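Let me begin by presenting the structure, written as structure tokens, before commenting on it.
What you see is a predicted model; the values in this text were computed from it and never measured. These numbers come from the heavy atoms of this one structure, side chains and all, not from hydrogens, waters or symmetry mates.
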Amino acid sequence: MRSAALSLSQFYQALAAMTRQTLLGNGPPRKLDHFRWLIAPDLLSFGYALRTTISSLIALGIALWWELGSPQWAALTVWMVAQGTRGKSIAKARWHMFGMVVGTLCAIVLVACMPQAPLLYLLCLAGGIGAFCFVGTLLPGPAAMTNYRIHGMRASGFTYAIIALDGVLAPDHIFEIAMARATYITLGIVIETTISSLFQYRLENRARNRLATNFVQALGGATRALVNMLRGDRQAVTHSPDVFGTILTLSDQVEFAEIEMGKHQHEGDHARAALAAMTVLMSRGMELSALLAVPNSQGTHYQDVSVQVGSFLKNLPDRLGNGQPIQPVLNDLTLLDSTCRELAATSLEDEMVAATHPPVDLPLERALSREGQLLHKLSEMLDELRLSLEQFEMSRNPQPHDHFRYGMRTYRDWRVAFTNSLRASVTIFCSGLIWVATAWPDGLTFMMFVAIVCALFSTLEQPAVATQAFLHGTVCVIGMCGLLDLWVMAQPTTYEMLAMCLSIPMLLGGLAFAYVPLVLAAVAYNLFLPILVGPLNQGRMDEILYFNTALPLLLAMIFAMWMYRVFLPFDPDGLRWDMRLDILRWLRHLAAWRTPPLPAEVVGRGVDNFVRLSSMTGGRKSYVLESYLSGVLSSMTIGLNVLRLRHILARGVLPPGAQRATQAMMNRMQRFTGRYGGQYGRTSRATHLAVLYLVQREQSETNLSVRVEMLRALASLRVIETELAQNQAFFDASSPYLDQAFPEKKTAAGS
């Protein structure tokens with residue numbers, strides 16, 4: 001025992017010396033910001049790493065105490081389930097348990113049905129994991145590692161693979177193998193959730209405070225963009241793509257706060273509704289910026305009130321922070337809204353006077369009409385802001401007997417789901433063919449690791465990038481376990497010494513997981529560390545067993561990454577082109593469907609496409625990407641105004657001529673394909689003609705209610721006309737990727 005302690009001490013001294021030499025070298029002091037997660041972690045990161053290390057070691061100790069055959073799976077499950085917050089851990093544990101049950105049942109059925117048909121067995125195994133990936137891609141929430149509904153399907157594929165491949169060599173004992181694996185996973189989940197609950201203090205209050213903080217954070221980015229849009233900057237959202245991304249991310253995290261609050265009164269539903277209203281608020285701002293592009297639209301009334309609204313928006317996040325009362329904010333917002341409505345009514349009254357008292361000043365009348373439309377849009381934007389703030393207040397101060405509901409909304413692509421499923425199935429089946437064709441003794445282990453990677457990453461939008469980071473973590477864990485297995489682990493003879501040997505490597509993995517740039521690499525490190533160590537009661541991982549496990553693991557990571565890059569690889573140009581065609585088809589359907597969708601669905605689809613586009617290039621911008629981002633936002637704005645025109649036409653208040661002109665434009669929109677026959681297409685020309693007719697007809701209209709309705713239709717038509725004209729490069733589908741349309745501007749975006 002003393003020699004083991006000396007050996008362990010020597011190992012850590014050598015590791016510390018090697019780390020200092022690697023980080024500092026012999027030259028001048030270096031900047032160590034990239035290693036701050038290791039040498040100076042924050043308290044929350046260190047607490048997560050320490051808590052998870054303790055949970056993993058306890059699960060491992062219990063599995064060894066029970067003399068289970070593969071105790072490393074209990075420690076591995078702890079690292080799969082553990083997250084930084086209590087809500088995330090519980091949510092992931094629930095879905096992991098669900099996935100474990102589904103995967104276990106499917107594995108038992110597979111082994112029982114075809115134990116003597118190798119190729120059919122491999123085909124069904126690959127198809128089963130592909131089916132899990134297909135279902136997971138269609139589940140609500142973002143296609144990310146933090147979506148635990150999708151993680152339930154990942155856990156199903158993970159469990160399905162390890163049980164089915166373990167049982168292929170002993171099909172008569174498949175039930176015992178399945179129950180053993182289920183026991184390991186259940187033990188890890190129970191230990192992690194129990195230990196993490198001991199580290200929580202005032203969890204409900206912190207969850208409520210986090211909801212409020214998240215809303216204020218999202219509102220800060222939205223108000224900055226709105227202030228720029230009030231000044232006429234139509235690219236305010238395009239140049240700040242993180243605005244919508246932050247809103248969607250925080251909306252998806254609301255469910256974790258609901259779990260932490262326990263018994264709650266729909267605070268999460270109100271928080272989701274507040275964030276959804278914020279996205280509609282941004283769409284109102286984009287409509288306003290489109291009207292600002294119309295010449296001679298900004299009068300003195302709008303300029304004065306826009307300055308007041310801009311000042312209000314700048315100070316709004318600070319006024320809502322630190323639990324300050326919201327009623328003074330709502331009072332100021334009501335005053336601003338009343339001012340906008342009064343000025344809009346004044347502009348309409350002045351326009352009526354100018355139109356009915358000859359001689360008629362046509363330029364003045366048109367300027368008054370356009371300013372009135374701006375003030376009306378500004379008032380609608382303030383109304384949406386009020387709705388968002390009221391929902392925020394309901395989430396911060398819930399009322400008794402509240403039955404409000406607002407569920408998660410996600411828009412999935414069936415083609416993407418099929419692609420993810422096919423990619424995973426083919427990759428796993430090819431790995432099985434390699435095992436069968438080569439008769440490699442460790443081919444089963446190789447196939448198991450390939451199946452694990454496919455189950456984890458096939459639902460992501462860019463699995464090749466994820467597997468590359470996973471490969472880096474795999475190389476690190478192979479090196480660390482080489483030191484442990486070949487030098488340190490041969491000495492301990494008791495569990496206490498084993499836990500001491502594993503504590504520091506596990507703690508390093510936990511610290512790396514809490515550092516965002518190293519998350520995927522840390523996942524690989526934490527998952528494969530217990531497997532490569534392989535602790536047992538009656539044996540040790542010797543050098544032969546270590547190399548026979550590490551080599552299939554490394555080759556499996558390389559093979560999976562290579563397959564993701566070769567078979568159905570991620571193609572940003574193709575995805576953008578498909579998205580573009582879907583948007584054009586969606587606009588046609590909005591104008592043609594007998595029962596149109598709700599405006600919230602139009603905004604949700606537009607925001608989802610915008611966020612997907614923003615994440616495709618990892619923050620690298622180009623003229624093509626910015627054109628697509630602007631086009632996606634433009635299509636969302638057009639879709640909302642198409643719905644408003646449909647409602648106006650359904651009311652039948654417009655004069656017959658204006659009704660026919662507007663309906664003609666809608667008929668052209670029903671056949672909108674993006675194929676332009678010249679500088680402008682038929683839909684653009686029809687919109688322009690409708691605008692000209694309504695402007696002419698509105699100037700002679702004396703009925704106030706009809707005139708108001710015509711102004712609403714005219715505002716929507718002008719927004720559509722402006723968006724079609726200023727984003728012609730996006731809506732002109734004859735240029736697939738915009739590269740050929742503007743070759744001289746591709747380099748301008750980078751500068």
Side-chain angles (χ1 to χ4, degrees), residues 215 218-238 240 243-244 247-248 273-294 297-298 302 305-306 308-310 312-314 316 330 333-334 336-341 343-344 370-392 590 597-607 610 630 632-648 711-723 726:
F215 177 83
L219 185 64
T223 53
R224 286 191 295 271
L226 287 173
V227 169
N228 293 330
M229 283 189 278
L230 288 175
R231 299 170 182 168
D233 183 7
R234 303 193 70 251
Q235 303 298 324
V237 180
T238 306
S240 301
V243 174
F244 283 130
I247 293 174
L248 287 186
L275 292 170
M278 197 180 300
T279 60
V280 180
L281 171 66
M282 298 296 294
S283 69
R284 298 286 189 183
M286 288 183 287
E287 293 177 6
L288 183 65
S289 64
L291 287 178
L292 286 172
V294 179
S297 59
Q298 301 185 43
Y302 173 78
V305 73
S306 65
Q308 300 177 30
V309 173
F312 173 80
L313 292 175
K314 286 181 180 178
L316 183 58
L330 293 178
L333 181 59
T334 302
L336 283 175
D337 194 8
S338 301
T339 302
C340 289
R341 293 182 182 275
L343 292 177
R370 293 170 182 176
E371 185 179 22
Q373 295 170 27
L374 276 179
L375 292 170
H376 179 69
K377 286 293 182 183
L378 183 58
S379 176
E380 290 181 347
M381 188 184 79
L382 295 179
D383 290 340
E384 205 64 46
L385 178 60
R386 167 183 287 278
L387 176 61
S388 181
L389 293 178
E390 289 175 349
Q391 292 292 336
F392 164 67
L590 285 179
L598 296 175
E601 184 176 355
V602 177
V603 175
R605 286 183 176 274
V607 172
F610 183 86
S630 178
V632 168
L633 296 177
S634 177
S635 65
M636 181 178 69
T637 306
I638 292 175
L640 290 173
N641 285 276
V642 166
L643 293 182
R644 295 191 185 103
L645 288 176
R646 292 191 60 168
H647 294 158
I648 292 174
L711 288 175
R712 290 176 179 171
L714 187 57
S716 295
L717 287 170
R718 274 180 170 152
V719 170
I720 295 175
E721 180 189 21
T722 303
E723 296 294 345
Q726 296 194 358

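- The minimum heavy-atom distance between Met229 and Ser289, with the atom names listed, is O-CB, 4.0 Å.
- Looking at Asn641, Val603, Thr279 one by one, the single match for side-chain contact (heavy atoms from CB on, under 4.5 Å) with Met636 turns out to be Val603.
- When all heavy atoms of Ala277 and Glu384 are compared, the pair lying nearest together is O-CG, 3.6 Å.
- With Ser379 contributing its side chain and Leu375 its backbone, the two residues share no donor-acceptor pair below 3.5 Å.
- A distance-only check finds no donor-acceptor pair linking the side chain of Arg224 to the backbone of Val243 [under 3.5 Å].
- Looking at every heavy atom in both residues, Met381 comes nearest to Leu281 through O-CD1, 3.2 Å.
- Taking every heavy atom of both residues into account, Val227 and Gly310 meet most closely at CG2-O, 3.8 Å.
- Between the side chain of Ser634 and the main chain of Ser630, no donor-acceptor pair closer than 3.5 Å is present.
- Considering only heavy atoms from C-beta on, Arg712 stays 4.5 Å or farther from Gln373 through its side chain.
- Between Lys377 and Glu380 a salt bridge is recorded (basic side-chain N to carboxylate O distance below 4.0 Å).
- Atom CG of Leu590 sits about 5.5 Å away from atom CG of Leu643, to the nearest 0.5 Å.
- Taking CG of Leu717 as the reference point, atom OG1 of Thr722 lies at 10.5 Å (rounded to 0.5 Å).
- Atom CG of Leu382 is separated from atom OG of Ser338 by 10.0 Å, given to the nearest 0.5 angstrom.
- Under 4.0 Å is where a charged nitrogen must lie from a carboxylate oxygen, and between Glu287 and Arg644 at least one such pair does.
- Taking 4.5 Å as the limit, some side-chain heavy atom of Leu645 sits within range of a side-chain heavy atom of Ile720.
- Taken from CG in Leu389 to CG in Leu333, the straight-line distance is 6.5 Å, to the nearest 0.5 Å.
- Each of Leu292, Leu313, Val305 was evaluated against Leu230; a single residue qualifies, Leu313, per the side-chain contact (heavy atoms from CB on, under 4.5 Å) test.
- Between Pro599 and Val280 there is no side-chain heavy-atom pair separated by less than 4.5 Å.
- Taken to the nearest 0.5 Å, the NE2 atom of His647 stands 11.0 Å off from the OG atom of Ser716.
- When all heavy atoms are compared, the tightest approach of Val719 to Thr637 is CG1-CG2, 3.5 Å.
- Considering only heavy atoms from C-beta on, Val607 stays 4.5 Å or farther from Ile247 through its side chain.
- With contacts defined as side-chain heavy-atom distances shorter than 4.5 Å, the pair Leu288/Leu374 qualifies.
- Across Glu723 and Ala290, no two heavy atoms sit closer than the pair OE2-CB, 3.4 Å.
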Practice item. Run the numbers on Leu336 and Gln308 for side-chain contact (heavy atoms from CB on, under 4.5 Å), then give the verdict. Key: CA-CA 8 Å; Leu336 283 175; Gln308 300 177 30; 3.7 Å; yes
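- Remark: side-chain polar atoms of Ser388 are not paired, donor with acceptor, to backbone N or O of Leu385 under 3.5 angstrom.
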Check your understanding: Do His376 and Leu711 pass the side-chain contact (heavy atoms from CB on, under 4.5 Å) test, and can you show the C-alpha distance, the side-chain angles, and the key distance before you say yes or no?
Key -> CA-CA 10 Å; His376 179 69; Leu711 288 175; over 6 Å; no
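- Relative ring orientation between Phe244 and Phe610 is described as perpendicular, the plane-to-plane angle rising above 60° on a 0-90° scale split at 30° and 60°.
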